[in-house]
Amino acid sequence: MNAPGLAQRLERSGLSRRDFLSFCASMAAVLGLPDTAGQAIAAAVENEAKPILIWLEFQDCAGNSESLLRAGHPTVADLILDEISLSYHEMLMAAAGSQAEQVLSETVRDNAGKYIVLVEGSIPAGADGAYCTIGGKSALQIARDICGKAAATIAVGTCAAFGGIPAARPNPTGAMSVGDAVPGVANLINMSACPANAENITALIIYYMTMKRWPPLDQYRRPLFAYGKSIHDSCERRAHFDAGQYVEEWGDDAHRHGHCLYKMGCKGPATSQNCPIVKWNEGTNWPIGCGHPCIGCAEPNFWDTMTPFYQRLPNVAGFDVGNWVDPVGLGLTGLVTAAVAMHGIGEVVRHRAGEKSSDNSGSENE
Ligand code: SF4
């Protein structure tokens, strides 16, 4: 019996063709492609052989798998990733134990050099890999074996991409990123964030299916379509930053009116990702939209370099740095610091202009 076509699978999931085409258009938008690319994406998803995906899970909290699943109702993205091409995912597959391991070894044996492996979680190398073992093998052995035979490896989430929280000081398990654990792995792509955004993961796979190549990457091997701009560049509160309108304490008037969270510790100026555009939970909202500062989770070593989370980025011209300087912001690029410094200077100029005006008028100018 032939496997059901996409139309039947959509119907079974309660999705219409219109839903599917709208999904393709939204993927084109996430990828920064013109509207017309939606048709090419639809054709690729419908007609091209689906890439075989293997999802490995190591030292992690399963947050990326949760992000992928999202819950609620099945979306087209779930359908594409879960029902069409995902061959192995410990948490999602029905098989368990030796049966599951057999599925993995057969998938790798039959598709060596062709499958794509997605890795979630860091890889602990301490104690000969004893901190994370599956089926009697260490995460390090499994990663080197499975990633070593893959056409491409996608490190999903900051733990896999950069070591994440497990690798934060003092890193008791010797946790490392996939790139460090499997040096020279082919076509490594880092999809950082804690967790990675499911829209971006889906868009990456869709891009590969449509273009037959991987997208351009930044210096940390992250796709430019998702990490090419800072959070600050696209933030809905940016006008308030530029106007010098800052939240000074939780629940104050500025907070209730959606003003900038920079002084409450926002790391948006030092963090690159498309959160303000793609958002989360099918575009419902995102942390800054809910009134919480960005914590910089998509950046390397964020747990060491972006904390304390509720204190503002240091060494910014025009602001009172306070008594702490280290370790926050040690990883900031000169460009970002300079950009923020310019705004800081702008605020001081505005503030001083306000003081002057206040002196002249006798009224306080915020
Ligand atoms: S500092 Fe944070 S809240 Fe303010 S504009 Fe930048 S990203 Fe948005």
Side-chain angles (χ1 to χ4, degrees), residues 29-32 63-64 67 156-158 161-162 164-165 190-201 203-204 217-247 254-255 258-316 319 328-344 346-347:
V30 173
L31 290 165
N64 296 286
S67 174
V156 180
T158 296
F162 304 130
I165 294 171
N190 288 324
M191 299 297 285
S192 58
C194 189
N197 193 311
E199 304 291 329
N200 288 336
I201 299 168
L204 177 66
L217 307 177
D218 72 2
Q219 60 177 325
Y220 298 121
R221 302 198 63 80
R222 302 179 299 188
L224 286 174
F225 75 79
Y227 302 90
K229 279 184 162 185
S230 77
I231 299 258
H232 191 61
D233 282 344
S234 314
C235 180
E236 64 212 30
R237 298 182 186 225
R238 176 60 182 266
H240 294 296
F241 182 97
D242 292 341
Q245 295 171 322
Y246 300 102
V247 176
H255 197 211
H259 290 182
C260 174
L261 295 158
Y262 175 66
K263 289 187 176 180
M264 303 308 284
C266 185
K267 307 301 184 295
T271 306
S272 296
Q273 210 193 173
N274 56 0
C275 298
I277 297 159
V278 175
K279 301 186 179 175
W280 295 81
N281 298 322
E282 297 172 50
T284 305
N285 210 339
W286 67 300
I288 287 177
C290 309
H292 192 280
C294 166
I295 62 169
C297 70
E299 294 305 307
N301 308 318
F302 83 101
W303 202 262
D304 289 331
T305 60
M306 298 289 189
T307 48
F309 289 134
Y310 296 108
Q311 293 196 35
R312 68 178 184 244
L313 292 166
N315 301 330
V316 175
F319 288 96
V328 179
L330 290 177
L332 302 187
T333 65
L335 268 180
V336 168
T337 307
V340 177
M342 287 305 293
H343 288 293
E347 192 212 23

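All residue numbers in this chain count up from 1 along the given sequence. All values below come from the heavy atoms of this structure, side chains included, with hydrogens, waters and symmetry mates left out.
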message = Determine whether Leu261 and His255 satisfy the following criterion, side-chain contact (heavy atoms from CB on, under 4.5 Å), listing intermediate values before the conclusion.
response = CA-CA 8 Å; Leu261 295 158; His255 197 211; 3.9 Å; yes

request  = Side-chain contact test, heavy atoms from C-beta onward, threshold under 4.5 Å: evaluate it for Glu299 versus Thr305 and give yes or no.
outcome  = no

query = Shortest non-hydrogen contact from Phe162 to Ala298?
reply = CE1-O, 3.4 Å

task = List the atom of Ser192, the atom of Ala161, and the distance in Å for their closest heavy-atom pair.
result = CB-CB, 4.0 Å

task = For residues Ser230 and Gly268, report the shortest heavy-atom separation together with the two atoms involved.
result = CB-O, 3.9 Å

note = For Asn64 and Gly157, the nearest pair of non-hydrogen atoms, with its separation, is OD1-CA, 3.4 Å

key: Ile277 CD1 to Lys229 NZ distance, which is reported to the nearest 0.5 Å   = 6.0 Å

query = Going from OG1 on Thr307 to NZ on Lys267, what distance comes out if it is rounded to the nearest 0.5 angstrom?
reply = 8.0 Å

task = Taking side-chain hydrogen bond (donor to acceptor under 3.5 Å, both in side chains) as the test, write out the residues that go with Asn190, two or more places apart.
result = none

query = Quick one: are Leu217 and Pro223 in side-chain contact, heavy atoms under 4.5 Å?
reply = yes

task = Compare all side-chain heavy atoms of Trp280 with those of Pro195 and state whether any distance is below 4.5 angstrom.
result = yes

note = Rounded to the nearest 0.5 angstrom, the SG-CH2 distance for Cys194 and Trp303 is 7.5 Å

key: All side-chain contact (heavy atoms from CB on, under 4.5 Å) counterparts of Ile295, not counting sequence neighbours   = His292, Cys297, Phe302, Phe309

key: Euclidean distance, Ile288 CD1 relative to Met264 CE, rounded to 0.5 Å   = 13.0 Å

ask   = Can you find a heavy atom in the side chain of Trp286 that is under 4.5 Å from one in the side chain of Asn197?
value = no

inquiry  = Which residues pass the side-chain contact (heavy atoms from CB on, under 4.5 Å) test with Asp218, not counting sequence neighbours?
reply    = Tyr220, Arg222, Leu224, Tyr227

message = Nearest 0.5 Å, please: how far is OG1 in Thr158 from CE in Met191?
response = 11.0 Å

inquiry  = As a quick check of understanding, evaluate side-chain contact (heavy atoms from CB on, under 4.5 Å) for Arg237 and His259, giving each step before the final call.
reply    = CA-CA 6 Å; Arg237 298 182 186 225; His259 290 182; 5.7 Å; no

ask   = Is any side-chain heavy atom of Glu199 less than 4.5 Å from a side-chain heavy atom of Asn274?
value = no

inquiry  = Would you say that Arg238 contacts Asp233 through its side chain, given a criterion of any heavy-atom pair below 4.5 Å between the two side chains?
reply    = yes

message = Counting C-beta onward and ignoring hydrogens, is there a side-chain heavy-atom pair between Asn200 and Gln273 closer than 4.5 Å?
response = yes

query = Closest heavy-atom contact between Leu204 and Phe225?
reply = N-CZ, 3.9 Å

note = Nearest heavy-atom contact between Val156 and Ala196 is CG1-CB, 3.8 Å

